[in-house]
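Here the structure comes first, spelled out in structure tokens, and everything after it is commentary.
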Amino acid sequence: MSITITNRWGKETIDPEKSLFDNTLSDLFLDNVLSDVSITDGEFHLDIKNNKWVCLENDGQGYYMKDLEMNNIHQLWEWFFEGKIDYILAEPWIEGVPAFNSD
């Protein structure tokens with residue numbers, strides 16, 4: 001599986017080394033500027049925002065989780081890097097786009 005990560009400044013890296021992968025997530029929480037990082041394998045797309053919202057897109061369907069603990073965010077990021085998409089899909093996702101749901 002080939003993955004592409006996009007850091008908070010918009011720079012894309014294909015098949016990053018583990019250290020760059022880890023730093024990309026850490027850099028997201030450097031300050032209070034609303035930013036995000038993403039990772040994709042071409043089929044699945046995981047977007048992590050520094051307000052601790054995580055969005056998943058698969059086949060044009062959107063899902064999200066809000067107010068995650070940092071360890072949960074790191075776990076999702078690691079699973080994606082390790083190709084454990086089934087683990088990610090087993091999480092309690094809410095269908096839709098967070099801005100358009102009333103939860």
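Sequential numbering from 1 along the given sequence is applied to the chain's residues. What you see below is based on every heavy atom in this structure, not just the backbone, and it leaves out hydrogens, waters and symmetry mates.
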Would you sort out whether Leu76 and Glu91 count as a side chain to side chain contact (heavy atoms under 4.5 Å, CB included), showing the intermediate values?
CA-CA 9 Å; Leu76 290 168; Glu91 292 296 303; 3.9 Å; yes
Evaluate side chain to side chain contact (heavy atoms under 4.5 Å, CB included) for Ile94 paired with Tyr63, printing each intermediate quantity in order.
CA-CA 5 Å; Ile94 299 168; Tyr63 307 90; over 6 Å; no
Would Asp47 and Lys49 count as a salt bridge (charged side-chain N to carboxylate O under 4.0 Å, His left out) if you check the C-alpha gap in whole Å, the side-chain angles of each, and the deciding distance to 0.1 Å?
CA-CA 7 Å; Asp47 189 47; Lys49 301 184 182 321; 2.6 Å; yes
Side chain to side chain donor-acceptor pair (under 3.5 Å) between Asn7 and Thr24: does it pass, once the steps are laid out?
CA-CA 6 Å; Asn7 70 14; Thr24 298; 5.7 Å; no
Does the pair Lys18 and Glu78 meet the rule for a salt bridge (charged side-chain N to carboxylate O under 4.0 Å, His left out), with working shown?
CA-CA 10 Å; Lys18 182 75 167 91; Glu78 289 286 327; 2.7 Å; yes
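At a threshold of 4.5 Å between non-hydrogen side-chain atoms, the residues Asp36 and Asn50 do not count as touching. For the pair Met65/Lys52, no side-chain contact is recorded, criterion being any heavy-atom separation below 4.5 Å from C-beta on. Two residues are said to be in side-chain contact when any heavy atoms from C-beta on lie closer than 4.5 Å; Ile48 and Leu25 meet this criterion. Side-chain contact between Ile14 and Ser2 is present, with heavy atoms from C-beta onward closer than 4.5 Å. Within the 4.5 Å cutoff, the side chain of Ile5 has heavy atoms near those of the Trp77 side chain. Looking at heavy atoms from C-beta onward, Thr13 lies out of side-chain contact with Thr4 at the 4.5 angstrom threshold.
Panel note: side chain Trp93, backbone Ile88; a donor-acceptor pair is recorded below 3.5 Å. A donor-acceptor pair is defined here as one N or O able to donate and one able to accept, closer than 3.5 Å; such a pair exists between the side chain of Thr40 and the backbone of Phe44.
Atoms OG and CD, from Ser38 and Glu57 in turn, are 11.0 Å apart once rounded to the nearest 0.5 Å. Arg8 contributes atom CZ, which lies 14.0 Å from atom OG1 of Thr6 (distance to the nearest 0.5 angstrom). Here the straight-line distance linking atom CG of Leu28 with atom CG of Asn23 works out to 12.5 Å at 0.5 Å rounding. With rounding to the nearest 0.5 angstrom, the CG atom of Asn51 is 7.5 Å from the CG atom of Asp67. Taking CD from Glu82 and CD1 from Ile3, the interatomic distance works out to 10.0 Å, rounded to the nearest 0.5 Å. Rounding to the nearest 0.5 Å gives a distance of 14.5 Å between CZ of Phe81 and NE2 of His74.
The 12-atom threshold is exceeded at CD of Glu43, counting heavy atoms of other residues, nucleotides or ligands nearer than 6.0 Å.
Considering only residues two or more places apart in sequence or on other chains, Asp27 meets the salt bridge (Lys or Arg N to Asp or Glu O under 4.0 Å) condition with none of them.
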